[in-house]
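Presented below is the structure to which this report refers.
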Amino acid sequence: MHNILVVDDDPTVAEVVTGYLERAGYTVARASDGPGALEAAGEQWPDLVVLDLMLPGMDGLEVCRRLRGRGPVPVIMLTARGDEDDRILGLETGADDYVTKPFSPRELVLRVESVLRRGRAVAETAPGGPVLGCAGITVDPAARRVTKNGREIGLTLREFDLLLHLMRHRGQAIGRESLMQDVWGWDFGDLSTVTVHVRRLRGKIEDDPARPRLIHTVWGVGYRFDATAEPQRPSASAGPADPAAPPPPERPAHRDGGARTLPRGSDRTADGRTSGGGAAGADGG
């Protein structure tokens with residue numbers, strides 16, 4: 001049974017999320033601020049953290065940094081705003097996924113299951129595959145170790161999986177949708193997640209991330225790993241700066257058959273009832 005730590009200063013949100021996770025079979029601990037989250041993690045190290053970005057005293061980004069400083073742990077970031085800068089900042093801090101408020105609690109449970117499932121798949125398949133090398137970059141799948149010119153590079157779980165996948169398909173142009181499915185194991189989600197991780201990965205393995213020579217943007221398609229002398233450049237008529245990174249798609253329909261969303265300040269309780277006027281109705285289970 002997995003242990004989940006839910007960190008949110010809104011007691012209603014925390015109660016509803018906790019209720020859904022417990023009904024899905026998880027053991028849940030709660031904290032309402034950053035110091036409380038670090039204390040709870042110290043008492044029992046979680047298998048995953050659902051972490052609100054906006055917390056009193058210590059924001060979610062700092063909590064994420066401190067937790068990652070103690071050891072690897074998957075993090076799903078909650079943000080009350082849909083601003084792209086907030087999402088990118090959370091991903092660049094090392095969050096494995098993010099969910100924007102208002103959100104469906106059932107969708108959050110699906111995200112939790114997806115992140116944990118991916119972690120299990122990595123653990124089960126880790127001891128296999130040949131060591132890969134290209135242009136001074138060496139990837140050892142069994143040891144989950146990456147070196148550049150003999151010096152080890154520290155990559156997050158997703159960064160390692162992304163690099164390994166690209167190198168295993170060296171010379172092939174791979175779309176962001178395919179990367180989302182094959183690396184993240186998601187059939188839905190914001191494709192900017194892939195864009196951010198490619199940028200982070202370039203910053204760690206490229207000599208000049210602004211002029212990548214290993215991970216190339218294939219305009220209108222996605223990305224390709226291939227050591228070449230010069231990076232690809234778009235033609236003058238190519239249109240937008242990065243056609244491989246179109247605006248995020250419209251949010252897909254929920255798989256739960258129309259689950260309601262949970263706004264900040266909602267007065268719905270964990271069993272779907274409302275405690276006072278105007279709140280959304282029950283989520284059907």
Side-chain angles (χ1 to χ4, degrees), residues 1-8 13-31 37 40-41 44-53 60 64 67-68 71-79 87 90-91 94-126 156-162 165 176-194 196-197 248-249 251-262 268 270-272 282-285:
M1 183 177 294
H2 290 287
N3 299 307
I4 310 296
L5 174 59
V6 175
V7 187
D8 198 305
V13 172
E15 180 182 354
V16 172
V17 169
T18 297
Y20 272 81
L21 288 171
E22 288 179 340
R23 285 197 291 273
Y26 298 106
T27 299
V28 182
R30 287 170 52 178
Q44 182 174 36
W45 189 251
D47 296 302
L48 182 143
V49 180
V50 177
L51 180 61
D52 190 17
L53 177 64
C64 184
L67 288 174
R68 289 289 172 79
V73 59
V75 174
I76 296 178
M77 195 78 75
L78 302 180
T79 172
R87 300 196 303 267
L91 292 171
D96 296 85
D97 193 9
Y98 66 88
V99 177
T100 303
K101 296 178 181 179
F103 61 88
S104 162
R106 285 192 172 187
E107 179 185 346
L108 177 60
V109 172
L110 289 175
R111 298 291 185 97
V112 168
E113 292 173 348
S114 175
V115 171
L116 291 174
R117 183 171 60 250
R118 180 61 185 169
R120 289 194 299 270
V122 167
E124 292 170 358
T125 60
T156 66
L157 173 69
R158 299 293 188 188
E159 291 166 356
F160 182 93
D161 292 343
L162 177 60
H165 188 77
R176 294 192 305 159
E177 295 87 349
S178 295
L179 290 171
M180 180 73 80
Q181 293 173 356
D182 296 336
V183 176
W184 276 259
W186 301 345
D187 294 324
F188 63 96
D190 190 337
L191 295 179
S192 64
T193 299
V194 178
V196 171
H197 280 78
R251 186 171 182 147
H254 295 303
R255 296 181 178 182
D256 56 9
R260 307 290 180 87
T261 56
L262 176 65
R268 187 175 58 188
D271 62 3
D283 198 351

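- Contact check for L116 versus Y26: side-chain heavy atoms found under the 4.5 Å cut-off.
- When all heavy atoms of G60 and M77 are compared, the closest pair comes out as O-CE, 4.3 Å.
- In terms of modelled atom types and a separation under 3.5 Å, the side chain of H197 and the main chain of T193 share a donor-acceptor contact.
- What you find for C64 and V75 is that their closest heavy atoms are SG-CG2, 4.2 Å.
- In this structure, the side chains of W45 and L67 come closer than 4.5 Å at one or more pairs of heavy atoms.
- With contacts defined as side-chain heavy-atom distances shorter than 4.5 Å, the pair R158/V115 qualifies.
- Just one residue in the list T100, D52, L53, L51 forms a side-chain contact (heavy atoms from CB on, under 4.5 Å) with L78, and that residue is D52.
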Residue pair V17, D8: steps toward the side-chain contact (heavy atoms from CB on, under 4.5 Å) verdict: CA-CA 10 Å; V17 169; D8 198 305; over 6 Å; no

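- Side chains of L179 and H165 form a contact here, defined as non-hydrogen atoms less than 4.5 Å apart.
- Listed by chain and number, the residues in a side-chain contact (heavy atoms from CB on, under 4.5 Å) with A29 are L5 (sequence neighbours excluded).
- Across all their heavy atoms, L108 and I76 have their closest contact at CD1-CG2, 4.0 Å.
- To the nearest 0.5 Å, atom OG1 of residue T27 and atom CD1 of residue I4 are 8.5 Å apart.
- Two residues are said to be in side-chain contact when any heavy atoms from C-beta on lie closer than 4.5 Å; K101 and T79 fail this criterion.
- The two residues T18 and A14 come nearest to each other via the heavy atoms OG1-O, 2.7 Å.
- With sequence neighbours excluded, the residues forming a side-chain contact (heavy atoms from CB on, under 4.5 Å) with Q44 are N3, listed by chain and number.
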